[in-house]
Amino acid sequence: MSNIVNRRMTLQRYPDGMPRDDDFAVVEGEVPDIGEGDVLCRAIYLTVDPYIRVHLNPRLAKGYAPLLPIGGVIPGEAVLQVERSRFPGLKEGDFVAGFGGWQDFCALPGASLRKVDPTLGPLSAHLGALGMPGLTAYAGFTRLAEAEPGQTVFVSAALGGVGAVVGQLARERGCRTIGVSSSAEKCRYAVETLGYDLCLDRNQSDFADLVAKACPEKIDVNFENVGGDVFWAALHSMKDYGRMIMCGLVSDYNNDELPSGPDLAPTLIRYIALKRLVMKGLMVADFFNLYPEFQQVVGAMIRDGRFRHKEYIVEGIDNAGRAMIDMMEGRNFGKTVVRITDDPTL
Ligand SMILES: NC(=O)c1ccc[n+]([C@@H]2O[C@H](COP(=O)([O-])OP(=O)(O)OC[C@H]3O[C@@H](n4cnc5c(N)ncnc54)[C@H](OP(=O)(O)O)[C@@H]3O)[C@@H](O)[C@H]2O)c1
């Protein structure tokens, strides 16, 4: 492969707030060699997920999302096809998912790769509804939320990789589902296609009142994906003994500093105590053992048409940075993925 170039999207500087196009740049490199136990893969689809922004934020990056050095390849999961294997369980042509980052080719330990079954659903869905975001939703909803039929489930970022799966699992469970998104068009799609009972536009000036009016019986489960004003509006409308599944806070990922202002801990603690709320932290890594069960359940829903998923597919690695900006500004319509090369299953 000596004459083949590996195009890699790299970080030029840490974004100052919302990322800009020139925070990223494509550089050309060589296709990597592989050692014993490794697999050389070609990327077909790259994911654009909020956690990637955490790797680029010196305030937030640590632990599970370490800070990416300047010049580093943007990290993230990808759906890949095996080009060459020195790992016994994988052969040329197999489809896998792994943390190859935003580049054409990557060399990864075979043991770190997850086999992708293209009969379960489209390859790209293995980065969304059938992948890590979908598993996050499945684990949070089936293992933590304790939602009963007839109860109200509130889902922020309702059309995204996590939210669309939570909303549809809750609908299947017989819950009343209320989504949150950022435009009338997205809210219409959430109701008409994803089957939410209602979807509220977080950009409306009276958003907290809209939430209160939409939940006369209050919220049993808040699946928290965004934080900020949406979180506070949900908190005000929680039912006694409600559960708050703390999944993510995308509204904070572009902040270089914590927002200044009053200490809100007393308000938060008062609400939790008076309403006897339960807040449950969710980390998908605790639930990787659920992959087979989750893919069977959601895969069956996709195949028999009960599950709808929309993807925001951006073409080419050059546009991957722009795709991240679109997602952070809510311009994505569904799960964001970047197509790097022709999908051989289409
Ligand atoms: N705990 C875990 O293990 C785990 C695993 C995976 C994901 N997560 C978290 O789950 C959340 C959703 O992830 P995802 O992959 O499904 O992302 P996503 O929903 O596909 O994309 C992010 C969405 O967040 C909304 N958003 C962006 N900026 C916002 C802001 N300032 N305020 C409110 N909403 C904003 C936008 O949706 P609208 O335009 O529709 O409002 C945007 O489309 C993220 O917080 C992520 O970090 C956690």
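The chain is numbered in sequence order, starting from 1. Atoms within a ligand are numbered from 1 in the order they appear, just like the ligands themselves.
For the residue pair Tyr45/Asp343, the side-chain donor-acceptor check at 3.5 Å is satisfied.
Between Glu185 and Lys310 no salt bridge is recorded (no basic side-chain N to carboxylate O distance below 4.0 Å). With respect to the salt-bridge test (charged N to carboxylate O, under 4.0 angstrom), the residues Arg59 and Asp252 qualify. In this structure, Asp201 does not pair ionically with Lys186, as no charged nitrogen and carboxylate oxygen lie closer than 4.0 Å. A salt bridge is defined here as a Lys NZ or Arg NE, NH1 or NH2 lying under 4.0 Å from an Asp or Glu carboxylate O, and Arg306 with Glu172 meets this definition.
Between Tyr51 and His55, the angle of the ring planes goes over 60°, which puts this pair in the perpendicular group of the 30/60° scheme.
Around ligand 1 you find Pro50, Met132, Thr136, Ala157, Gly160, Gly161, Val162, Ser181, Ser182, Lys186, Arg202, Asn225, Val226, Cys247, Gly248, Leu249, Val250, Ser251, Tyr253, Leu282, Met283, Val284, Met327, Met328, Gly330, Asn332, each with a heavy-atom distance below 4.0 Å.
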